[in-house]
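Please read the structure below before turning to the comments.
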There are 2 protein chains.
Amino acid sequence: MKNRSLYPIKTVSEKTGLSTFIIRAWENRYKAISPSRTDSNRRLYCEKDIQRLQYLHEAIKQGHTISSIAGLTTVQLQELLQINSVSAEAGFQDMSSLTEFLNGCLEAVENLDNQKLESELLSASVSAPQQVVLDKLIIPLMIKIGDYWKSGRFRVTHEHLATQVVKNYLMNVVNSYRQIENAPVLVVSTPNGQKHEIGALLGAVVGASEGWKPVYLGPDLPAEEIAFAAQKLNAKAIMLNVVYPEDDPRLIEEVRKIIKCDSVNAGVILTGKGINFYSDKFTEAGAFLVNTPAELRTTLENIRK
Amino acid sequence: MKNRSLYPIKTVSEKTGLSTFIIRAWENRYKAISPSRTDSNRRLYCEKDIQRLQYLHEAIKQGHTISSIAGLTTVQLQELLQINSVSAEAGFQDMSSLTEFLNGCLEAVENLDNQKLESELLSASVSAPQQVVLDKLIIPLMIKIGDYWKSGRFRVTHEHLATQVVKNYLMNVVNSYRQIENAPVLVVSTPNGQKHEIGALLGAVVGASEGWKPVYLGPDLPAEEIAFAAQKLNAKAIMLNVVYPEDDPRLIEEVRKIIKCDSVNAGVILTGKGINFYSDKFTEAGAFLVNTPAELRTTLENIRK
DNA sequence: CGTTCTTATACATAAGTTATACAACTATTA
DNA sequence: TAATAGTTGTATAACTTATGTATAAGAACG
């Protein structure tokens, strides 16, 4: 019961980012906090005290003054911080609020602040439906980052860091769906030479939301490997994301290999901007070309039958 | 009863990293520990005593003071450190139980069952302390997969799929640490040409557990990009993981570029199997070479000062 | 006999305490 | 608008406590 984890003021200072001066001043001047004391009169802070200080810190960052919030209970502080973030969303509905998140994400990327980027994504995902977050935040975000990169405003580093965080976010989204027994398997990957993963993961999310069991193999795999996985898992569909339309005749060959593989009994779906360059050859070979999440949904539904 | 081995204070000092002065002072001043004695009054420490000292040491690193924790029972210390008591009591069973998990993971990989692989990792991580999961499960797992691949038992697909899941798991572990404000920044990446990410992420976990703020940029980045990020984030350390020792003189050049960059004011730490191939040149250039998680911890601690 | 351990004492530094002061703002008042 | 008063973060002084480290003198070990 008594989780006696008590910390001295220095540790609290390090954990909250508040100077020891401030912490003492807030106690003396505003009774903002009342730590217990050792026999020798030293302050001892428990976890709750630390959390309260973090709330106070956060509220001040949001523009409140210490004198106006010092008297609030910790619960009231929580509400104060909640109300602020909710009201930001409540005021403007879906569209504009996600624009806010988008700007927040871009700012986080610019500052290479993966922590903030992640928290923006998470708060967005509780304030809007999954599909909206994908369409109106994740996809625009990655496009914007690409644009900024081309225009020289962002560097490779920015794109790299964002990719890591978004990938992780998307994988967690996919995992959050897992429950259905005997769901049809959807093998997800990108063909040899295609290193961008976000599109593939977006497809995996759609698949999961449609009741499939996505198995993400990672990017940049040879046809034989993808075919092997599809066979081993007895997959009903294979989804491949293609970003670069550059003239790579091997790409067609790779896709064709998978489709022609006798042991593979799965529909092959191609997604991504890169697919339209060769669209004829792909459809000819028997692949499904898909440009939007909505199309992907219906295609998956059709294959499932 | 138990064939308990008893150790003199010097051995205990070496095992725990605490000076003999400290160990005696903690006993005399705070009754933090009560070793048995020989007939001639010399201190004798059993395994449990050593473990207790290690817990105390760990708790102090986390910001507690010796006076406030010396009176806790060993179980309370475990709770304080959030160490699962089941596994701690199990003691030697640790090994075999993680072997179970390891086999489960390998089976999951063999069947390309990412879902099962993930759930194995998650169950392991609640039944053993983080560090043990990393040392005894994650690392051996990736090694085994590499071995199986070389021997032809696994294919690229297996390795790819496992990498995705493990990566995701490790990123979530890193994220679970975040609390300290103004923590020193640790930029984590792999140099140009190095595509394996697991080692880098393992380093990020260690960094996070030591109170740093790891910023993972993703793999395969040119020196300029890494230097840019380090500068922008005012990083205190840069950690680069190198797997392939193959003769790539550009690698040394890349690392040297980062170290020599004037605007970067960070210690450069190299990890991974690949580093020993060129160890002389790297140390010459001013990098810290690190081979084990323990070494990484102490190196980070030194740089932080 | 040199090494390691013991207790007791001493010391240095880090870190904590209160009280007071101060500078930079903000808000109020004349 | 300028003067004034309050707010708030930061700094210093003087002192105490906490904690790591060192020394001295003797005892035990191998």
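Order of the sequence lines fixes the chain letters, A, B, ..., with proteins taken first and strands second; residue numbering starts at 1 for each chain. The figures that follow rest on heavy atoms only: side chains count, while hydrogens, waters and symmetry mates do not.
Between the CG atom of B:Leu18 and the C1' atom of D:dG20 there is a distance of 11 Å, rounded to whole Å. If you take CZ of B:Arg43 and P of D:dA28, they are 15 Å apart, rounded to a whole angstrom. Atom-to-atom, CD1 of B:Ile9 to C1' of C:dT7 comes out at 12 Å; the value is rounded to the nearest Å. Between the CZ atom of A:Arg24 and the P atom of C:dA15 there is a distance of 12 Å, given to the nearest Å. Note: CD (A:Glu27) to P (D:dT10) measures 17 Å, nearest angstrom. Across the protein-nucleic acid pair, A:Lys10 atom NZ and C:dT13 atom P stand 16 Å apart, rounded to whole Å. Here D:dT19 presents its P atom at 12 Å from CG of B:Leu56, a figure rounded to the nearest Å. Between the P atom of C:dT18 and the CD1 atom of A:Ile23 lies a distance of 13 Å, rounded to the nearest Å.
A:Leu112 approaches B:Val215 most closely through the heavy-atom pair O-CG1, 3.9 Å. Considering every non-hydrogen atom in both B:Ala229 and B:Leu217, the closest pair reads CB-CD1, 3.6 Å.
Here B:Ile303 pairs with B:Trp212, B:Ala237, B:Ile269, B:Phe288, B:Thr299 under the side-chain contact (heavy atoms from CB on, under 4.5 Å) rule; sequence neighbours left out. Every residue two or more places apart in sequence or in another chain that forms a salt bridge (charged side-chain N to carboxylate O under 4.0 Å, His left out) with A:Lys10 is listed here: A:Glu14. By the side-chain hydrogen bond (donor to acceptor under 3.5 Å, both in side chains) test, A:Glu118 pairs with B:Asn175, sequence neighbours left out. Under the rule for a side-chain contact (heavy atoms from CB on, under 4.5 Å), the partners of A:Ser68 that lie at least two apart in sequence or sit in another chain are A:His64, A:Thr65. With sequence neighbours excluded, the residues forming a side-chain contact (heavy atoms from CB on, under 4.5 Å) with A:Thr11 are A:Tyr7, A:Pro8, A:Lys15, listed by chain and number. Taking A:Ser119 as the reference, nothing meets the side-chain hydrogen bond (donor to acceptor under 3.5 Å, both in side chains) condition, with sequence neighbours excluded.
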N/O-N/O pairs, protein side and nucleotides 9-12 of chain C side, under 3.5 Å:
none

I'd like a list of close polar pairs between nucleotides 4-7 of chain D and the protein, N/O only, cut-off under 3.5 Å.
none

Please write out the pairs of protein N or O atoms and N or O atoms of nucleotides 22-27 of chain D separated by less than 3.5 Å, giving the distance to one decimal.
none

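Residue A:Trp26 places no side-chain N or O under 4.0 Å from the OP1 or OP2 atom of D:dT8.
Under a 3.5 Å cut-off, the side chain of A:Ser5 and the backbone N or O of B:Leu80 do not form any donor-acceptor pair. Between the B:Ser189 side chain and the B:Leu240 main chain, no donor and acceptor come within less than 3.5 Å of each other.
Distance check: A:Ile9 CD1 to A:Arg24 CZ gives 4.5 Å after rounding to the nearest 0.5 Å.
Salt-bridge formation is not detected for the pair A:Asp113/B:Lys232: no Lys NZ or Arg NE/NH1/NH2 atom is positioned less than 4.0 Å from an Asp or Glu carboxylate oxygen.
Sorted by residue number, the members of residues 32-41 of chain A with any non-hydrogen atom under 4.0 Å from DNA chain C read A:Arg37, A:Asn41.
Residue pairs meeting the salt bridge (charged side-chain N to carboxylate O under 4.0 Å, His left out) criterion with at least one member in residues 31-40 of chain A, sequence neighbours excluded, are A:Glu27-A:Arg37. The list of salt bridge (charged side-chain N to carboxylate O under 4.0 Å, His left out) pairs with a residue in residues 293-302 of chain B, not counting sequence neighbours, reads B:Glu210-B:Arg297.
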